[in-house]
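Keep in mind that what you see is a predicted model, and the values were worked out from it rather than measured. Reminder, nothing fancy here: chain letters follow the sequence lines and each chain counts from 1.
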Number of protein chains: 2
Amino acid sequence: MSKKLDQATQTLKPPRGRRTNGTGLSSTTIMDVAREAGVSYATVSRVVNNKEYVKSDTRERVLKAITSLGYVVNQQARSLAGGRSYAVGLLVRDLGSSYMGEIVKGIDDALSAAQYNLMLYTTHRRKIKERIYVNNLIQGMTDGLLLVLPENLEAYLETLDQTHFPYVLIDHQGLDERTPVVITTNWQGGYDATRYLIELGHRRIGFITGMMDMLSSQDRLNGYQAALRDHGLPVDPQLVYEGTFYQPGGYSGAQSLLQLPEPPTAIFASNDVMAFGVMEAVRDAGLRIPSDISVIGFDNISQASQVAPPLTTVAQPLEQLGREAVRMLLMRMNNPEQPIERSILPTTLIIRQSCDVPRNV
Amino acid sequence: MSKKLDQATQTLKPPRGRRTNGTGLSSTTIMDVAREAGVSYATVSRVVNNKEYVKSDTRERVLKAITSLGYVVNQQARSLAGGRSYAVGLLVRDLGSSYMGEIVKGIDDALSAAQYNLMLYTTHRRKIKERIYVNNLIQGMTDGLLLVLPENLEAYLETLDQTHFPYVLIDHQGLDERTPVVITTNWQGGYDATRYLIELGHRRIGFITGMMDMLSSQDRLNGYQAALRDHGLPVDPQLVYEGTFYQPGGYSGAQSLLQLPEPPTAIFASNDVMAFGVMEAVRDAGLRIPSDISVIGFDNISQASQVAPPLTTVAQPLEQLGREAVRMLLMRMNNPEQPIERSILPTTLIIRQSCDVPRNV
DNA sequence: TTTATTTATGCAAACGCTTACAGAAAAAGA
DNA sequence: TCTTTTTCTGTAAGCGTTTGCATAAATAAA
C-alpha cells in the first residue's frame, strides 16, 4: 500500500469531537441532560445516583430530561471516576450442565435486580495463567467475583485475599472457615436420602460417589454412612463405587454393584446425571425401577422429573444458591469490614417414583 | 445518627489521590510504567497498542517495565478514551442445555483468543424493556452483540440496525438476507438422516418436529420430506408429530407414533433431547432399539454418545458455530462497511448404534 | 555539507463521569 | 430583623487512557 493512500485514510479519521459510540449515533451524555433540564451536570449526577440534597422539583425536571433524551449512564466513565464498574465477574468451568444453568439463572436474576452486569469467564480446558488472569479481573473490570466450584482455588485466593477483593465461592467449602462460601447441606442430603431408603425397608444400599477430591462428595458419602450406622446397618465398602459425576460413571457403577454376589436393592447416586446412568444400567440388566431396584439421585435438575420413572432425588436449591451468593457478594462489596459469612442452604428430599419397598420384604 | 458523627465519617473518606482499586491495593497505571521505563506515557500507550513508530529498544524497555510492575491496562479508561470497550455482549435465553454450553464454549474460546471480554445477558423469563435494554448494551458497555436464538428479534434489530451496532445472530435465520447470521444446514441434515434410514430399508419413518415457529425446525422437516419424495416414498402427515425440542415432546411423540395402526419402523427426532424421550417411550412400549425401532436425533450433544445404545444423530458444529460468529462479529466491528456475510456451516451424520435395518425386511 | 523525509517521542486535550469544595438560597433561631 | 444552620447547586479537578499535533532525532536525498 502506498504512503499516499495511508495518509488519506489518516485524514478520514473522525474528528475527536463528539463521541459517536463507534456506531455513527452520538450518545447523550450527562451534559445534554443538564442542558435540557437547565441545571449543572453535577446535579444530574446527583439525581442519577440518588444522592440527597436535591430539591424535589429539580429532581423531577432532571428525571424528565433523562427519559425524554433516553439517557443512560456510561459505565466506563462512571467507573473511572468513581471506582465502581457495576459489573461482577463469574468464573465457571463450563456451562453445559443444567446444574450450572440453574445457578447462573439465580445469579443473573439477583444481579440484574441490583443493576449489575455480569462478566463471564470460563476456565474449561485452557490452563490459565492465574496471576495475570485474576489481575485482569480485579483491575477495575469488575467489582467482585463469584466462583462456582473453582478448581485450583489456592491460586486465585492468594491474590484475591491479598488485595481484599470481594469474592464468594459457590458450592465449594473453601480453604478454611474464613472463606466466604455458599454451600448446601450435603451431609444432611446424603443422610436423608439414605434414611428414606432404609425406612422403605432396604438393607443393602449401593452408593456411587462423585469426584472424591470434592468435599461435597465426601459429605454426601459421610451422610450415607452415618444414616446406615444410625440404623444399625453395616457399612459395607463393597457397596460404595467411586464415580465421576458424569453419566458413564453411574452406568458402570450400577453395573458393578449389580454384579456383586449379594447385590443392593437400592442405589443412591451422588448426582442426578449419574442416577440416569444407573437407570440405564439397571434396565440393561433386565431389571425394573422401582420394583426390582430403587434409584435415588442428588441435585434435582429439571430432567429428573422428566425421565421415566420420575427420579426421587435430593434437591439442591441451585437457583437460590446463586441468588444467595450475589447477596453475600454485594454485602461484602458494600461493607468490606463485615465479618465473613458462610451460608448453608438446606437440601430437600423430593420423593417421586423411582423408589419402592424392596422386593423381598 | 448525630450530625457530628456524620461529619466525622465525611472526614474519614479517602483522599482523592492515588486510585486504590477499591481494594486497598493501588494499581499500577500507565504513568508508573512510563516512569519506570523512562519514557512518556504516550509511548507506553503506543507499545501497549502495538502502534508503529516506536524504536525497538524503547519498546523492549517499556515491555520490561510492564512485566516487572505487573501492569495491565484499565479497560474503562481505554474505552472512555478510545471508544472501545473490548467486551462483547452475549444474549441468550438460558444456559442449562449442552446445546448452549457448546456454543458458548466456542464463543468464549474465540473471544478470549482475541482478548475480548464477555458480558452475559440472559433473557429467560424476564420481560425486558427492549429499547432500554439494547440501549444499555450499546451504550459503550460492549463493542458488539451476539444473539443466540433470539426470541422477539424485531425489537432488538430495529435499534441495532438504526445505530449500526455490530451484531451477529447464531442459529437463527434473521429477518431477511441482510441479517448477518451463522446457521447450519438444517435442511441438508434432515435430508441426510432420512436418506440414511431409507437406505437402511425403512419405509415408514416417523418425524418429531421442533418448535415450528423456528425456521430451523421447518428446514429439518422439509429436508425429511424432500428425502422421502426423492426416494419415491409417500409423505404421510400422520407420521409427523409436532414436538417442542424438550424431552417430554419426544416421549409423547413416540407414544403417539407407535400407536398408529401402521406404526413407523424408525423415528427421527428434531433434536437429541427429544430423541432421548423417544428412546424412553420405545422401551416403555416393550420394544428394543435398534432391532424393533431405529431412532435418530439431531444436534449431537455430548450425551448422545453416552446413552445406550449410542445415538445416531446429525451433528451440528455447535462450538464452531460460536467460533464463527465471533469471527464474523470482530470482522464487522473492524470493517463496518464490509458487505454482510451469512455463514452456513455443514451438519454431519454421525452413525452410532441406534439405527438398524427394519425387522420385516 | 545542507535540506527534505521519515521515524520517534512528548505534550495536552478529550472521553463522561463522580465528588470535594465553595458559595447561594432557604429555613430556622435569636 | 439579623444570624446561624441547613439544604441545594455549581465549579473544578481528577479517574487512566488514546491520539492529534508539535517537535526532536535519525536517516535519506541533494
Visitor: Mind listing the N/O atom pairs, protein and nucleotides 24-28 of chain C, below 3.5 Å?
Guide:
none

Visitor: Hey, does the side chain of R78(B) come within less than 4.0 Å of dG16(D)'s phosphate (OP1/OP2), counting only N and O?
Guide: no
Visitor: If you check the R46(A) side chain, which of dT18(C), dC11(C), dG10(D) turns out closest?
Guide: dG10(D)
Visitor: Among the nucleotides dC15(D), dG10(C), dT9(D), which one has an atom lying closest to any side-chain atom of T43(B)?
Guide: dG10(C)
Visitor: Sub-3.5 Å donor-acceptor pair from the side chain of R342(A) to the main-chain atoms of T179(A), do we have one?
Guide: yes
Visitor: Are V48(B) and R78(B) close enough, and set up right, to give a side-chain contact (heavy atoms from CB on, under 4.5 Å), and what steps lead you there?
Guide: CA-CA 11 Å; V48(B) 170; R78(B) 169 183 265 187; 3.5 Å; yes
Visitor: Is any side-chain N of the basic residue among K105(B) and E102(B) closer than 4.0 Å to the acidic one's carboxylate O?
Guide: no
Visitor: Are the side chain of T67(B) and the backbone of L63(B) linked by a donor-acceptor contact shorter than 3.5 Å?
Guide: yes
Visitor: When you look at T29(B) and N74(B), which way does the side-chain contact (heavy atoms from CB on, under 4.5 Å) test go after all the steps?
Guide: CA-CA 8 Å; T29(B) 75; N74(B) 179 319; over 6 Å; no
Visitor: Among dC8(D), dT17(D), dG16(C), which is the nearest nucleotide to the side chain of T58(A)?
Guide: dC8(D)
Visitor: Could you state the atom-to-atom distance from CD of Q75(A) to C1' of dC15(D) in whole Å?
Guide: 15 Å
Visitor: Quickly work out the N74(B) CG to dT18(D) C1' distance and round it to whole Å.
Guide: 13 Å
Visitor: Per the end-axis method with five pairs at each terminus, what is the bend angle of the helix from dT1(C)-dA30(D) to dA30(C)-dT1(D), to 10°?
Guide: 40°
Visitor: I'd like to know whether L95(B) forms a side-chain contact (heavy atoms from CB on, under 4.5 Å) with M100(A), so could you lay out the CA-CA distance, the side-chain angles of the two residues, the decisive distance to 0.1 Å, and finally the verdict.
Guide: CA-CA 8 Å; L95(B) 289 164; M100(A) 218 50 244; over 6 Å; no
Visitor: Could you tell me how far apart Y41(A) (OH) and dA12(D) (P) are, to the nearest whole angstrom?
Guide: 7 Å
Visitor: Within this structure, what is the NZ-to-P distance between K51(B) and dT9(C), rounded to whole angstrom?
Guide: 15 Å
Visitor: Backbone N or O of V104(B) within a donor-acceptor pair of the D108(B) side chain at under 3.5 Å?
Guide: no
Visitor: Find which nucleotide of DNA chain D each of A42(B) and A77(B) is nearest to by heavy atoms, and output the residue with the more 5' nucleotide.
Guide: A77(B)
Visitor: dA13(C) C1' sits how many Å from I30(B) CD1, rounded?
Guide: 15 Å
Visitor: Any carboxylate oxygen within less than 4.0 angstrom of a Lys/Arg side-chain nitrogen, looking at R35(A) and D32(A)?
Guide: yes
Visitor: Judged by each residue's nearest nucleotide on DNA chain C, which is more toward the 5′ side, S40(B) or M31(A)?
Guide: S40(B)
Visitor: Under 4.0 Å between any heavy atoms, over every strand shown, what does V48(B) touch: base, sugar-phosphate, or nothing? Just pick one.
Guide: nothing
Visitor: Can you tell me the distance, in whole Å, between the OH atom of Y53(B) and the P atom of dT5(C)?
Guide: 14 Å
Visitor: Salt bridge between D109(B) and R323(B), side-chain N to carboxylate O under 4.0 Å?
Guide: yes
Visitor: I need the CG-C1' distance between L80(B) and dT19(D), as an integer number of Å.
Guide: 14 Å
Visitor: Pair D143(A), S85(A) - check side chain to side chain donor-acceptor pair (under 3.5 Å), show working.
Guide: CA-CA 6 Å; D143(A) 298 333; S85(A) 68; 3.0 Å; yes
Visitor: Starting at atom CG of N49(A), determine the distance to atom P of dT18(C), rounded to an integer number of angstrom.
Guide: 4 Å
Visitor: Under 4.0 angstrom, heavy atoms only, what part of the nucleic acid is S45(A) near: base, sugar-phosphate, or nothing?
Guide: base
